Amino acid sequence: MPAVERKSIRLTSTAAELIILTLLGDFGAPPASGSGHTLHLQAPHYEATHDVAPGAELKTYRIRFAGTVAAHDTPASVLRGDCARAASEHLALDLTYHSAGTPYQYRISTRYEIPCAVSGAVVINGQETTLHAVPGQRDHSWAPRDFWALDWVWSAFHVGAQYFHATELRFFGGARIPVGYVQQAAGAGPVRELEGVACAETHDGGAGDEGRLASGMDITVTPRGGEAMKVSVEPVGHAPLRLVSDDGRVSLFDRAWGRVRLEDGRTGVGWFEWNQNVLDDAQV
């Protein structure tokens, strides 16, 4: 069954918004079925549906899920691969992603990103949390995803009506490539690609794999032809995955929802990923 690390977090001190942090992952899922604009996945313990209305491509997407999941009390247990103590819970969600900005397609990969406003409901064991136009991000990739070919730091965050996406690709051996954008709400200005992304994360220093959970990060983003902007990240809730390849390679994929603060004092929220391969001496 899918794994879920669950935690309730308050995004702001002025609004009574509570988000249930979930991450669904099932590497043995059967292929999705469907045609046209609807995909449906039926597995023994759950079912999921992905819809886009005709004419609403890149604008509105709806995701529904219902089933039994494995709930972990701490993110560290997921990184350790400790599934024995996971509890079974019932999860249902019905979320609609409304594009809030301009879709951005990578130049170097088959992938696009869209800043979104997300509305709907998440229900865990009968307890419902309603969301209305909360900050979100939708991305889509074609072709295989090789989590063991390189490391990366991925981020997407909203600061008012300004949207950021910043990725630092980290190749074994030291080379780094920046990808991303800064943009305003859809139609309010151009999408400015980033020519520089520098990420410096800190960790909590715990023993073993759980010590790889990020406790903070500073990001410097530089729009093409513009001035660098510094962003401080405070992770609030983690939902990681331990990714093991068919040949035994391991990547510790930390993902977190968090708060951000720009050097000019503006604040916002976002989602962050750290793909961290466990390397032997020959790979470094």
Side-chain angles (χ1 to χ4, degrees), residues 1-6 8 11 17-71 89-106 109-145 154 156-158 161 163 165 181 183 185-187 191 239 241 253 255 257 269-271 273:
M1 67 182 66
V4 173
E5 192 278 321
R6 178 168 64 91
S8 300
L11 299 183
E17 292 182 340
L18 291 178
I19 299 298
I20 302 299
L21 185 62
T22 66
L23 178 62
L24 297 174
D26 182 4
F27 300 108
S33 62
S35 60
H37 293 73
T38 298
L39 292 174
H40 183 75
L41 193 157
Q42 181 71 57
H45 300 287
Y46 64 90
E47 62 178 328
T49 303
H50 177 281
D51 288 306
V52 55
E57 297 87 353
L58 299 180
K59 296 178 181 178
T60 304
Y61 295 85
R62 183 183 181 190
I63 298 173
R64 288 169 287 170
F65 175 95
T68 303
V69 299
E89 297 190 0
H90 187 271
L91 170 69
L93 59 84
D94 188 341
L95 301 175
T96 300
Y97 288 69
H98 299 279
S99 295
T102 302
Y104 171 80
Q105 185 167 343
Y106 276 36
S109 177
T110 51
R111 179 184 182 90
Y112 68 78
E113 301 273 351
I114 310 176
C116 296
V118 184
S119 298
V122 178
V123 183
I124 298 178
N125 295 333
Q127 182 178 353
E128 180 172 328
T129 298
T130 302
L131 312 178
H132 177 67
V134 301
Q137 184 83 358
R138 183 182 185 276
D139 60 45
H140 182 77
S141 298
W142 296 266
R145 294 290 301 278
W154 177 99
F157 48 97
H158 294 208
Y163 311 133
H165 167 56
Y181 61 74
Q183 61 170 286
V191 177
L241 288 171
F253 193 35
R255 306 176 64 148
W257 182 262
V269 294
W271 185 253
E273 298 179 350

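This structure is a prediction, so every number in the text was calculated from the model and none was measured.
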Phe65 side chain reached by Leu91 side chain, heavy atoms, under 4.5 Å: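 A side-chain contact under 4.5 Å exists here.
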
Note, Trp154 side chain near Gln137 side chain (heavy atom, < 4.5 Å): yes

How long is the straight-line distance from [atom2] of [Y] back to [atom1] of [X], given to the nearest 0.5 Å?
{"X": "Gln105", "Y": "Thr110", "atom1": "CD", "atom2": "OG1", "result": "8.5 Å"}
{"X": "Thr60", "Y": "Asp51", "atom1": "OG1", "atom2": "CG", "result": "11.5 Å"}
{"X": "Trp257", "Y": "Phe157", "atom1": "CH2", "atom2": "CZ", "result": "12.0 Å"}
{"X": "Tyr181", "Y": "Thr102", "atom1": "OH", "atom2": "OG1", "result": "9.0 Å"}
{"X": "Ile114", "Y": "Tyr163", "atom1": "CD1", "atom2": "OH", "result": "12.5 Å"}
{"X": "Leu95", "Y": "Arg62", "atom1": "CG", "atom2": "CZ", "result": "10.0 Å"}

Test salt bridge (Lys or Arg N to Asp or Glu O under 4.0 Å) applied to Arg111 - qualifying residues, sequence neighbours left out: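 Salt bridge (Lys or Arg N to Asp or Glu O under 4.0 Å) check on Arg111 returns Glu113, Asp139.
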
Those residues that, when tested against Arg145, pass salt bridge (Lys or Arg N to Asp or Glu O under 4.0 Å) (two or more places apart):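 So Arg145 forms no salt bridge (Lys or Arg N to Asp or Glu O under 4.0 Å) with any residue.
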
Distance-only side-chain donor-acceptor flag, His165 / Gln183, under 3.5 Å: no

Can you name the closest pair of heavy atoms from [X] and [Y] and give their distance?
{"X": "Cys116", "Y": "Ser99", "result": "SG-CA, 4.2 Å"}
{"X": "Ala100", "Y": "Ala117", "result": "CB-N, 4.1 Å"}
{"X": "Pro54", "Y": "His37", "result": "CA-NE2, 3.8 Å"}
{"X": "Tyr61", "Y": "Lys59", "result": "CE1-N, 4.1 Å"}

Sidechain-backbone polar pair: His158 side chain, Gly136 backbone, donor-acceptor under 3.5 Å: yes

Residue list, side-chain contact (heavy atoms from CB on, under 4.5 Å) with His40, at least two apart or on another chain: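 With sequence neighbours excluded, His40 shows a side-chain contact (heavy atoms from CB on, under 4.5 Å) to Ser33, Gln42, Glu47, Thr49, given in chain and number order.
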
